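Reviewing the structure listed below.
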Amino acid sequence: MAAESTEDLGNNAELTNPSVTELYEPEVADLPKPDVEESAQSGADGGDTGAPKASYTVEGEEEEDEGEMPTDFERLWKLTSDNPQDFNSWTDLLQYCEQECHMRACRQALNVFLLRYPLCYGYWKKFVDLERRAGHINKAEEVCERGLKAIPLSVDLWIHYINLLLGTLNMNLPESMQRIRSVFEEAFAAAGWDFHSDRLWDLYAEWEKEQGNLKFTTDVYDRVLRVPTQLYNTHYEKYSMLMNHISDIYNGKDSEEAVQKMQELLLVNREEVYQQNEAEVRKRWNFEDAIKRPYFHVKPLDRAQLKAWQSYLDWEISEAETAAMEAEGAALEGSKQECVAGHKRVLILFERCLIACALYEEFWNKYVHYLAPHGLEEVRNVYRRACEIHLPYKHSIHLQWASFEEKHGIISEAQRILESLEMTVPGLVAVRLRRVGLERRAGRLDVAEALLKGTVEQSKDNPPLHAFYSIKLARFLHKLCKNPARAHTVLQEAIELSPDNGRLYQNLLELEMSGDLQTNGGGILQCVAKALAAPLSPKTKILFSQRGLQFSEDFGSTVQSVLSMYEEHQRLLKEHDAKRQAENSDNDDPEKMSKMDDASALTAPQTVPPTMPHVPMTTPPPSMMGGDMSGSYGSYGSWYQQQQYGGYGSYQNPWNQYNQYYPTS
């Protein structure tokens, strides 16, 4: 009998290989698309508090006939609609609805609020209590179930749900008892391995004890002995006390000596389990002690808290990897069980972390990186939660999700992700170019061209952006569509809108030079002449005259073209030198120098920027077509903010070597 009882208790701790989908299956709402003009601002430490705007009413919600909304509801609702990221506006609205005791207003506000902030377990509890006080028990249960799908690791919400069932079910019915046990088991599967899940285990054990089921009570404590929790020692003490009533637990008819022997055998076995569990708790104690805010809040976490989570995750992952390597080299069942337990601990810790750090993109990326070897659906589920619920305005993680889907051949899903992101955060260059690239890689050049053409048309009110997209479209038409004539037209139209944009002239010049130089020589010189006549800076004009002179020298059909370009180049150089001399003469003015000396005595010395080295003419000029493709998507925002062609400030005339061939002007 003793051996049979020991085996019976030991089987309660069997583990199966969990997946993140089993641990976390949130109910992702179909959020309405907002009309936003710019990306939401991030928190101080990189947190994103944005969420899409929701409609005024929630689809499928049954409205009760309670007359008109409270007086200030419309005003407070408008504040939340205008600025859905203002958490204080939401709390003001919810507090007002609760004070007015208006059921329809409370439901509407709570439903929309919890779509945006589903990790606020306290508001789920308020919603449940609101429905319960109104006598809507079924709706209260539905709200609890919705909340537990959104935040399955919430021990408080599980306990609230169980207490709701205990207070509303007829416990004299066998099915009620079975339902309570079923909910407890669901709670343990979702949150039983949380370090702070002790109250949940104790509630189950105490409930079974109240029902007079000492064997079930013992089974509960026997299971928790294998879980590293904060109150692990208390559980062992309660288990040891139950062992004093072992004869009552198993209703055995064995002799007192046999019962005593079985008790000693069980305690020795569980003492070993307890020691192993205590070692696991000690490993994690300092990590747990460093976490000060395990719950969700929109306020940014300090760097110490972020570092604490990172360190804890890194350590737990390393522990799981070590257990996995040991399991590969051993055929023992215990090693395999420890490997599964290690993986489950990592999943639970990630889910805990993503409650407190839900607004931090780096933790979602870390989770994806960990889950990648374990299955595509797990990774997809994490991306979906991050992008559709918590980080709707973080474009970088959306782009990663789209790349993930494209990599695995789900082109339609990648298109949907990018289109949805562009609707949520319109006007991002990186998103539009990623859409173009996706269509191009899928072989739909007509769709890619249409996207670029549409963007060129839409950006006419922003000349720098229009020039940027025009260059992209011209490159696309020239390189992929093999239509230089249309590319030429696109650049010419862009120059008419932005005549002072040197990049357009440079790309036009490169386009002209990509053709037959013998037949297109006139077009190249005409492009140079057009750039020299444009309202460009003197340094930029010197660049174009240098390119024109180089072309005339290398490919010009007559010497007259070389001489005319040389004279134009010399004229520009003289004007530039004269301007520099005038500036230097102003600096040499004694009165100004005296003032500068007085000012320099009051200011700290400034570091002189290094000058650009002289590039001899043996080095060909850099290619201007495609020069803007060398950077990542993140560089598009600063491309037009930088001063162009600043490297020609130290220009030295390399053409003086030809003075021996040409007369001086």
Side-chain angles (χ1 to χ4, degrees), residues 418 422 426-517 519-536 540-541 543-544 547-548 551 621-631 633 635-637 639-642 644-645:
L418 294 176
E422 199 164 43
L428 289 182
V429 176
V431 180
R432 176 49 60 100
L433 293 183
R434 182 63 67 87
R435 289 188 63 191
V436 172
L438 175 63
E439 300 297 345
R440 175 183 58 79
R441 289 187 292 272
R444 292 188 283 265
L445 295 182
D446 55 337
V447 179
E449 180 184 344
L451 287 172
L452 282 174
K453 289 177 66 176
T455 310
V456 169
E457 291 296 323
Q458 296 168 7
S459 60
K460 284 187 175 180
D461 57 342
N462 188 343
L465 192 61
H466 179 268
F468 174 81
Y469 281 119
S470 296
I471 292 172
K472 291 292 181 184
L473 178 58
R475 283 175 48 81
F476 183 90
L477 295 172
H478 180 214
K479 300 295 184 182
L480 297 177
C481 299
K482 307 299 181 183
N483 196 332
R486 291 179 60 195
H488 187 276
T489 302
V490 169
L491 291 175
Q492 290 285 12
E493 292 176 353
I495 287 175
E496 292 178 3
L497 185 63
S498 304
D500 58 343
N501 193 311
R503 293 295 289 260
L504 291 171
Y505 293 98
Q506 291 181 18
N507 280 270
L508 181 60
L509 179 59
E510 289 297 326
L511 178 62
E512 297 286 2
M513 296 188 70
S514 65
D516 189 347
L517 299 181
T519 60
N520 198 34
I524 294 173
L525 294 178
Q526 184 179 2
C527 177
V528 172
K530 189 172 184 179
L532 296 179
L536 303 176
T540 307
K541 288 186 177 182
L543 168 67
F544 278 102
R547 295 291 299 275
F551 173 79
S623 174
M624 298 304 166
M625 286 289 283
D628 54 334
M629 291 296 289
S630 60
Y633 286 128
S635 62
Y636 292 125
W639 186 79
Y640 283 102
Q641 300 173 9
Q642 298 174 356
Q644 303 296 320
Y645 323 115

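Predicted model only: the values in this text are computed from it and were never measured. Any value given below was found using the heavy atoms of this structure, including those in side chains, with hydrogens, waters and symmetry copies removed.
Two residues are said to be in side-chain contact when any heavy atoms from C-beta on lie closer than 4.5 Å; Lys472 and Phe476 fail this criterion. Tyr469 places a side-chain heavy atom less than 4.5 Å from the side chain of Leu433. In this structure, His478 and Asn483 have side chains that are not in contact, with every pair of non-hydrogen atoms separated by 4.5 Å or more. By the 4.5 Å heavy-atom criterion applied to side chains, Val429 and Leu465 are counted as neighbours.
Glu510 and Arg547 are joined by a salt bridge, as a carboxylate oxygen and a charged side-chain nitrogen come within less than 4.0 angstrom of each other.
Taking both residues in full, the closest heavy atoms of Pro499 and Tyr505 are given as O-OH, 2.9 Å, listed atom of the first, atom of the second, then distance. Minimum interatomic distance between Glu422 and Val431 (heavy atoms only, all atoms of both residues): CB-CG1, 4.1 Å. Summarising the geometry of Phe544 relative to Gly502, their closest heavy-atom pair is CZ-O, 3.9 Å, with the distance given to 0.1 Å.
Atom CG in Leu508 sits 12.0 Å away from atom OG in Ser470 (nearest 0.5 Å). Of the inter-residue distances, the one linking Arg444 atom CZ with Glu439 atom CD reads 4.5 Å to the nearest 0.5 angstrom. Distance check, rounded to the nearest 0.5 Å: OG1 of Thr455 to NE2 of His466 gives 10.5 Å. In this structure, the separation between CD1 on Ile471 and CD on Gln506 is 8.5 Å, given to the nearest 0.5 Å.
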Which atom pairs, donor and acceptor, lie under 3.5 Å between side-chain atoms of residues 484-494 and protein residues at least two apart or in another chain?
| unit_1 | atom_1 | unit_2 | atom_2 | d |
| --- | --- | --- | --- | --- |
| Arg486 | NH1 | Glu449 | OE2 | 3.3 |
| Arg486 | NH2 | Glu449 | OE2 | 2.3 |
| His488 | NE2 | Gln492 | NE2 | 3.4 |
| His488 | NE2 | Glu512 | OE2 | 2.8 |
| Thr489 | OG1 | Ala485 | O | 3.1 |
| Gln492 | OE1 | Lys530 | NZ | 2.5 |

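Arg432 places a side-chain N or O within 3.5 Å of a backbone atom of Leu451 that can act as its donor or acceptor partner.
Under the side chain to side chain contact (heavy atoms under 4.5 Å, CB included) test applied with Phe551, the options Leu509, Val528, Leu525 reduce to a single match, Leu525.
With sequence neighbours excluded, the residues that form a side-chain contact (heavy atoms from CB on, under 4.5 Å) with Ser498 are Pro463, Asp500, Asn501, Leu504.
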